[in-house]
Novice: 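To start, I am sharing the structure in question, which I have written as structure tokens.
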Amino acid sequence: LFLSACETPVPPCEAIAEIEPARQEAVRAALQAVAGEGACDAHLKALGGGLSGNAVIRVDHGEQRWVMKLFTEGGPHVAASVAACRMASAVGVAPAVRYASPTHDVVIMDYVSGEPLRGPMTSDLVALTALGRSLAALHGATGDFPPYRDPFADIRMHVGRARTANGALPTALRTAMAALQRIEGAVGQFPYVPVHNDLNPRNIMCAEDGHFVLLDWGDASMGDPFYD
């Protein structure tokens, strides 16, 4: 109901009424933290989210624009992703986090105006070089970052779920899985560094100034830069 209410830009007081009562105060606190006393003058607009089911809302307030994410579950995992995003933001490859609720179920960060990696950009040497610079900045960052997680275990988990749900796997996926052990053997030859771990095109944004910003830090961890 909350997302439906935000299909067109609406004032927060109208949209918040559609949130379950237990979370209304958390959303109000988040908006007030970034917009101050003028929070009621902001407008909310639902954005398309990823596969997680978390609500993603654009917040417009005068000349300022943010993204608010409402997580179905907060806790340590979201806290780790927020910490990763903050560290990556410090080296210019992630949006700045402006607010995270104490339980990490409401997070507000800067809105990135641009377009995802797609079409001509995927063969544009200038664009790919800029993306390479962003990845190099991330992989060279220092500070606290979520500990290593095994991305190959995640792959096997998702493939296993697909097999359970659909039976036979597509030929292309079976071919890829046959190479997984060889690819896995090539990883771990370099010192672990901060990695994003989920660089699908939806999470790679070319900002208006031409540099690349990475979104959705939920799988970020220390790891081999080869995986990115």
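Values reported hereafter were calculated over all heavy atoms of this structure, with side chains retained and with hydrogens, waters and symmetry mates removed.
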Novice: Minimum heavy-atom separation for C206 to M121, with atom names?
Specialist: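 Looking at all heavy atoms of both residues, the shortest contact is CB-SD, 3.8 Å.
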Novice: Distance from Q64 atom CD to Y111 atom OH, nearest 0.5 Å?
Specialist: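 It is 15.5 Å, given to the nearest 0.5 Å.
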Novice: So which atom in P116 and which in P201 form the shortest heavy-atom distance, rounded to 0.1 Å?
Specialist: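 Closest approach of P116 to P201, heavy atoms only: CB-O, 3.5 Å.
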Novice: Which heavy atom in V93 sits nearest to a heavy atom in W217, and how many Å separate them?
Specialist: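 Shortest heavy-atom separation between V93 and W217 comes out as O-CZ2, 3.8 Å.
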Novice: Please give me the minimum heavy-atom distance between V34 and R98, naming the atom from each residue.
Specialist: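 The pair with the smallest heavy-atom distance is CG1-CB, 3.7 Å.
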Novice: Do the side chains of V67 and I108 get nearer than 4.5 Å, heavy atoms only?
Specialist: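 A side-chain contact is absent here, since even the closest heavy-atom pair is not under 4.5 Å.
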Novice: Mind checking the CG-CG spacing from L214 to L138? Nearest 0.5 Å is all I need.
Specialist: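 Taking CG in L214 and CG in L138, the distance rounds to 6.5 Å.
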Novice: Kindly compute the distance separating CZ (F226) from CD (E184), expressed to the nearest 0.5 Å.
Specialist: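 Here the interatomic distance stands at 11.0 Å.
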Novice: Which residue, F152, F190, Y148, Y192, forms the ring pair (Phe, Tyr, Trp, His ring centres under 6.0 Å) with Y227?
Specialist: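 Answer to the ring pair (Phe, Tyr, Trp, His ring centres under 6.0 Å) test with Y227 among F152, F190, Y148, Y192: F152.
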Novice: Atom CG in D216, atom OG in S81: separation rounded to 0.5 Å?
Specialist: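 So the gap between those two atoms works out to 8.0 Å.
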Novice: Can you list the steps and then say if D41 with H61 is a side-chain hydrogen bond (donor to acceptor under 3.5 Å, both in side chains)?
Specialist: CA-CA 7 Å; D41 298 325; H61 183 251; 5.1 Å; no
Novice: Considering only NZ, NE, NH1 and NH2 on the basic side and carboxylate oxygens on the acidic side, decide whether R156 and D154 come within less than 4.0 Å.
Specialist: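 The answer is no: the pair does not qualify as a salt bridge.
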Novice: Is there a side-chain contact (heavy atoms from CB on, under 4.5 Å) between L44 and L31 once you walk through the steps?
Specialist: CA-CA 10 Å; L44 310 182; L31 292 172; 4.3 Å; yes
Novice: Side chains of R174 and T171: any donor to acceptor distance under 3.5 Å?
Specialist: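 Distance-only check passes for T171 and R174.
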Novice: Looking only at side-chain N and O atoms, does H196 offer a donor or acceptor that is under 3.5 Å from a partner on D219?
Specialist: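 D219 vs H196: no donor-acceptor pair found between side chains.
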